[in-house]
Visitor: 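Supplied in structure tokens, the structure appears directly below.
Computed over heavy atoms, backbone and side chain alike; hydrogens, waters and symmetry mates excluded.
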Amino acid sequence: MTSISIGSFALPISPLILLFSLIVGLIVIAILGRKQSISVGDSLVSIVIYSLIVGRLVFVMRFFESYDSVWQILDIRDRGFDAFSSFIAGLIFLIIQLQRKPQQRKILICGAATTVLLFTITQAIVNAGNKQSSLPNLNFSTPQGSSVNLHHVASQNVTIVNLWASWCGPCRREMPVFSQAEERFPEVEFIMLNQREPAATVNQFLAQMHLTFNYVLLDTQGDVATMMGAHGLPMTLFYDKHGNMVSSHFGEVSPASLQAAIEELIEN
């Protein structure tokens, strides 16, 4: 599972897990603090915000050349964060808070530990479920009518499968990003798997956008999206050389977030 559907909206699951974990941590703090008439909820929220800001700044510095504008840097919808830096920053800020407010130590530690452990365990469970998924052994047609097998395309290579449609705004915006990445990383196979659109529509869209890819395939029934529990588009799936899914990204990718995912795949 990579997203949750709420009515007509689909939301990425990782930010929701973080929000849920924080809420539970705040509930723990409220229960413990009520007995001592102490309120430290704002301290926990500050720790989380501070850690996210630092994680974002470190990520931006790592991939600064991939950002074209200040807006891209500020647009956190690509979920580009350096997890290790966020954890260290949160730990440092927690220690500072504990030194400043010794009377709050036990309560704040319980709340912070609850938030971190709940997020880590829940995210690990979700990731474990995702990693059990392998590249489907399915055949799809190209817009020109040829049949292509996904396993044949992957062929012991790092593979990225992007689920998209021409009517999807975020899909349209990120298509040039994938085109540039395909040129930059020739050792990676990119499969642009269109969802439920006829060949004529796909060909017209690619011509209008002046885009070419090695593999553009038509999933006319949305089989892969159904298999992956994708409740919206775009969806990007990252597979290692053995055809096992390592990670996924629901929503629009930025050049920086795509580069980070590709480099991690290649290194591992």
Side-chain angles (χ1 to χ4, degrees), residues 1-7 9-63 73-133 229 231 238 245-251 254 256-257 260-261 264 268:
M1 180 190 301
T2 54
S3 63
I4 293 179
S5 179
I6 303 177
F9 296 95
L11 301 173
I13 194 168
S14 292
L16 295 178
I17 293 175
L18 177 58
L19 178 60
F20 171 73
S21 301
L22 177 58
I23 291 174
V24 174
L26 290 173
I27 292 174
V28 170
I29 282 179
I31 293 174
L32 296 177
R34 184 180 303 171
K35 299 178 181 179
Q36 303 179 31
S37 299
I38 296 176
S39 176
V40 295
D42 56 339
S43 297
L44 180 59
V45 173
S46 297
I47 290 171
V48 173
I49 293 175
Y50 174 78
S51 65
L52 291 176
I53 291 175
V54 172
R56 178 64 175 182
L57 289 175
V58 172
F59 183 87
V60 169
M61 287 188 290
R62 287 178 57 197
F63 302 99
I73 293 175
L74 297 176
D75 187 4
I76 62 173
R77 291 177 298 176
D78 68 351
R79 300 188 294 283
F81 293 89
D82 187 271
F84 179 75
S85 298
S86 289
F87 175 77
I88 295 301
L91 183 60
I92 292 174
F93 195 66
L94 173 62
I95 293 173
I96 294 174
Q97 291 289 80
L98 295 177
Q99 291 177 340
R100 289 180 176 176
K101 305 174 182 179
Q103 75 279 8
Q104 301 179 358
R105 286 178 180 174
K106 291 183 179 180
I107 298 175
L108 188 53
I109 289 175
C110 288
T114 299
T115 302
V116 172
L117 289 176
L118 185 58
F119 175 78
T120 301
I121 293 173
T122 307
Q123 188 68 61
I125 293 173
V126 171
N127 290 340
N130 290 339
K131 290 181 180 180
Q132 292 177 358
S133 303
H231 300 290
F238 300 89
M245 193 172 81
V246 175
S247 62
S248 61
H249 184 101
F250 173 71
S254 67
S257 61
E264 182 178 356
N268 297 332

Visitor: Answer whether the closest heavy-atom distance between the side chains of Ser21 and Ile17 falls below 4.5 Å.
Guide: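 Sidechains of Ile17 and Ser21: in contact.
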Visitor: For residues 91-113, which side-chain donor-acceptor pairs fall under 3.5 Å, sequence neighbours excluded?
Guide:
unit_1: Gln97; atom_1: NE2; unit_2: Ser43; atom_2: OG; d: 3.2
unit_1: Lys101; atom_1: NZ; unit_2: Ser43; atom_2: OG; d: 3.4
unit_1: Arg105; atom_1: NE; unit_2: Leu98; atom_2: O; d: 2.9

Visitor: Distance from Arg56 atom CZ to Ile73 atom CD1, nearest 0.5 Å?
Guide: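 Taking CZ in Arg56 and CD1 in Ile73, the distance rounds to 8.0 Å.
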Visitor: Apply side chain to side chain contact (heavy atoms under 4.5 Å, CB included) to the pair Ser257 and Arg79, showing each step before the final yes or no.
Guide: CA-CA 7 Å; Ser257 61; Arg79 300 188 294 283; over 6 Å; no
Visitor: Starting from the C-alpha separation in whole Å, work towards a yes-or-no answer on side chain to side chain contact (heavy atoms under 4.5 Å, CB included) for Val40 and Leu44.
Guide: CA-CA 7 Å; Val40 295; Leu44 180 59; over 6 Å; no
Visitor: Run the side chain to side chain contact (heavy atoms under 4.5 Å, CB included) check on Phe84 and Val58 step by step: do they pass?
Guide: CA-CA 10 Å; Phe84 179 75; Val58 172; over 6 Å; no
Visitor: If you take all heavy atoms of Phe59 and Ala260, which pair is closest and at what distance?
Guide: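 So the two residues come closest at CE1-CB, 3.8 Å.
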Visitor: Against Leu57, only a single residue in Ile53, Val60, Val54 fulfils side-chain contact (heavy atoms from CB on, under 4.5 Å); can you say which?
Guide: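 That would be Ile53; it is the only one of Ile53, Val60, Val54 passing the side-chain contact (heavy atoms from CB on, under 4.5 Å) with Leu57.
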Visitor: Supply the atom-to-atom distance Ile125 CD1 to Thr120 OG1, rounded to the nearest 0.5 angstrom.
Guide: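 That separation rounds to 11.0 Å.
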Visitor: With side chains defined as the heavy atoms from C-beta onward, is the minimum distance between Ile76 and Phe81 less than 4.5 Å?
Guide: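 Yes - at least one pair of side-chain heavy atoms lies under 4.5 Å apart.
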Visitor: In this structure, are over 12 heavy atoms from other groups packed under 6.0 Å from Phe87 atom CZ?
Guide: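 No, CZ of Phe87 has 12 or fewer neighbouring heavy atoms, counting only those of other groups under 6.0 Å.
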Visitor: I need the minimum non-hydrogen distance between Ser85 and Gly55, along with the two atoms involved.
Guide: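 That would be CB-CA, 4.4 Å.
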Visitor: Name the residue from Ile29, Val28, Ile27 that meets the side-chain contact (heavy atoms from CB on, under 4.5 Å) definition with Thr114.
Guide: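 Going through the options one by one, the only one that passes is Val28.
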Visitor: Please report the C-alpha distance between Leu18 and Leu52 in whole Å, then the side-chain angles of each, then the deciding distance to 0.1 Å, and finally whether the side chain to side chain contact (heavy atoms under 4.5 Å, CB included) criterion is met.
Guide: CA-CA 11 Å; Leu18 177 58; Leu52 291 176; 4.1 Å; yes
Visitor: Please report the interatomic distance CG(Leu26) to CG(Leu22), rounded to the nearest 0.5 Å.
Guide: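 Answer for the CG-CG pair, Leu26 versus Leu22, is 4.5 Å.
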Visitor: Check for a donor-acceptor pair, side chain of Arg62 on one end and backbone N or O of Ala256 on the other, with a separation under 3.5 Å.
Guide: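 Looks like no, no N/O pair under 3.5 Å.
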